[in-house]
Visitor: 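This is the structure, below, for whatever I ask next.
Given the structure is predicted, the values throughout are model-derived calculations rather than measurements.
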Amino acid sequence: MSIADRIRIQEVTLLSDDWYVLKKTRFDYRRADGTWQSLSRETYDRGNGATILLYDPERRTVVLTRQFRFPAFVNGHDDLLTEAPAGLLDGADPADRIRQELMEETGYVIGQPQKLFEAFMSPGSVTEKLHFFAAPYHPADRVGAGGGNVEEGEDISVLEIGIDDALARIRDGRIQDGKTICLLLYATIYLLRTSDQG
């Protein structure tokens with residue numbers, strides 16, 4: 001039995017269609033024991049997205065961004081967030097979209113990025129599936145200033161740091177963005193391994 005066979009939608013209410021789409025749905029869910037339970041959930045649909053980690057295997061560096069995030073601020077984060085470049089797909093191919101977003105945010109131009117995996121980052125309330133990519137880079141690949149889209153309120157700075165420094169920033173709380181932590185840990189295990197790691 002698929003999950004679709006275990007869901008009966010009763011009512012969908014549109015709560016907001018301003019920045020993105022917020023809905024409240026009443027539905028019946030068939031539990032593992034075969035009984036039906038009535039539930040209500042809110043879902044925030046902002047579309048799917050993509051993120052990328054640029055890494056230099058020789059210098060063991062990565063490229064990240066720093067920007068203001070209002071939701072993080074209202075939850076007590078009184079600083080800019082350090083993040084991997086990312087953006088919404090808006091119907092585009094994930095690899096094509098992340099290359100455009102990378103240029104817009106950081107000024108770096110790359111070829112075909114390596115697809116790593118896909119993940120739901122906040123599946124309890126947000127519908128977004130994130131496509132994770134990585135690509136090697138060289139300092140000469142930066143052909144623009146980056147900074148993001150001013151009309152969308154972006155004011156992005158570019159940060160190039162060593163992978164060991166990035167991991168230290170996770171441990172001490174200077175990096176708190178979930179997608180970025182996933183990418184940095186992936187890079188440590190698979191992309192920037194040292195010879196003594198086997």
Side-chain angles (χ1 to χ4, degrees), residues 1-9 11-30 32 39-55 62-72 74-75 77 81-106 108 110-136 148-149 152-154 156 166 170 175-191:
M1 178 182 295
S2 74
I3 293 297
D5 295 325
R6 297 170 62 178
I7 300 290
R8 296 188 304 211
I9 303 294
E11 181 183 23
V12 179
T13 304
L14 180 65
L15 301 178
S16 177
D17 188 6
D18 184 12
W19 188 247
Y20 298 111
V21 179
L22 179 62
K23 294 179 181 178
K24 180 177 182 177
T25 303
R26 284 192 315 103
F27 61 97
D28 297 330
Y29 174 72
R30 188 172 186 177
L39 299 170
S40 176
R41 295 289 185 271
E42 290 181 7
T43 54
Y44 191 55
D45 186 352
R46 59 192 307 269
N48 294 327
T51 185
I52 190 167
L53 183 69
L54 291 186
Y55 66 96
V62 295
V63 172
L64 302 173
T65 65
R66 286 181 48 78
Q67 63 181 306
F68 172 68
R69 295 293 197 181
F70 184 72
V74 297
N75 196 26
H77 188 77
L81 273 187
T82 300
E83 305 179 39
L88 296 177
L89 301 183
D90 295 326
D93 173 78
D96 292 339
R97 185 67 192 111
I98 198 58
R99 285 198 303 271
Q100 295 168 359
E101 195 70 28
L102 183 66
M103 175 58 187
E104 184 178 287
E105 290 190 8
T106 69
Y108 281 89
I110 61 164
Q112 186 67 22
Q114 176 189 356
K115 179 74 174 281
L116 304 179
F117 53 88
E118 299 173 9
F120 293 99
M121 298 302 290
S122 188
S125 59
V126 181
T127 62
E128 179 184 25
K129 180 190 289 184
L130 201 55
H131 300 257
F132 286 76
F133 293 91
N149 187 330
E152 294 178 3
E154 294 179 334
I156 298 172
I170 294 172
I175 293 180
Q176 296 187 13
D177 177 63
K179 66 182 180 296
T180 305
I181 293 170
C182 289
L183 283 168
L184 291 171
L185 295 178
Y186 186 99
T188 303
I189 297 169
Y190 298 109
L191 305 173

Visitor: Would you say N75 and H77 make side-chain contact, with heavy atoms under 4.5 Å?
Guide: no

Visitor: Go through it in stages, so that I can follow the logic: the residues are T25 and R41, the test is side-chain hydrogen bond (donor to acceptor under 3.5 Å, both in side chains), and I'd like the CA-CA distance, side-chain angles, deciding distance and then a yes or no.
Guide: CA-CA 5 Å; T25 303; R41 295 289 185 271; over 6 Å; no

Visitor: Is any side-chain heavy atom of N48 less than 4.5 Å from a side-chain heavy atom of E118?
Guide: no

Visitor: Looking at every heavy atom in both A84 and I52, which two are closest together, and how far apart are they?
Guide: CB-O, 3.3 Å

Visitor: Enumerate donor-acceptor pairs with a distance under 3.5 Å from any side-chain N or O in residues 15-22 to protein atoms, sequence neighbours excluded.
Guide:
none

Visitor: Determine the minimum heavy-atom distance between L53 and A187, stating which atoms define it.
Guide: CD2-CB, 3.6 Å

Visitor: Measuring from atom OH of Y186 to atom CG of L116, what distance do you get when rounded to the nearest 0.5 angstrom?
Guide: 4.5 Å

Visitor: So do the side chains of C182 and M121 get within less than 4.5 Å of each other, counting heavy atoms only?
Guide: yes

Visitor: Determine whether N149 and E104 make a side-chain contact, defined as any pair of heavy atoms from C-beta on separated by less than 4.5 Å.
Guide: yes

Visitor: Do V62 and L183 make a side-chain contact, defined as non-hydrogen atoms from C-beta onward lying under 4.5 Å apart?
Guide: no

Visitor: Indicate the atoms forming the closest heavy-atom contact of A95 with Q112, along with that distance.
Guide: CB-NE2, 3.6 Å

Visitor: Under 3.5 Å, side chain of R97 to main-chain N/O of L88, donor-acceptor pair present?
Guide: yes

Visitor: Inspect the surroundings of OH in Y190 and state if more than 12 heavy atoms from other residues, nucleotides or ligands are less than 6.0 Å away.
Guide: no

Visitor: To the nearest 0.5 Å, what is the distance between CD1 (I175) and CG (L184)?
Guide: 5.5 Å

Visitor: How long is the span from the OG1 atom in T127 to the CG atom in D45, to the nearest 0.5 Å?
Guide: 3.5 Å

Visitor: When you compare the side chain of Y29 with that of I7, does any pair of heavy atoms fall below 4.5 Å?
Guide: yes

Visitor: For the atom pair NZ (K115) and CD1 (I98), what is the distance rounded to the nearest 0.5 Å?
Guide: 11.0 Å

Visitor: With distance as the sole criterion, is a donor-acceptor pair present between the side chains of S40 and R26 under 3.5 Å?
Guide: no

Visitor: Please find the pair of heavy atoms, one from L102 and one from P85, that lie closest to each other, and give the distance.
Guide: CD1-CG, 3.8 Å

Visitor: Give the minimum heavy-atom separation between E101 and A86, together with the two atoms involved.
Guide: CG-O, 3.0 Å

Visitor: Should the ring pair H131 and F133 be called parallel, tilted or perpendicular, given that the plane angle runs from 0 to 90° and is split at 30 and 60?
Guide: parallel

Visitor: I'd like to check the side chain to side chain contact (heavy atoms under 4.5 Å, CB included) partners of R69; sequence neighbours left out, ordered by chain and number.
Guide: Q67, A72, L81, E83

Visitor: What pair of heavy atoms forms the shortest contact from E128 to F120, and how long is it?
Guide: O-CD2, 3.4 Å

Visitor: Nearest 0.5 Å, please: how far is CG in D177 from OG1 in T82?
Guide: 9.0 Å

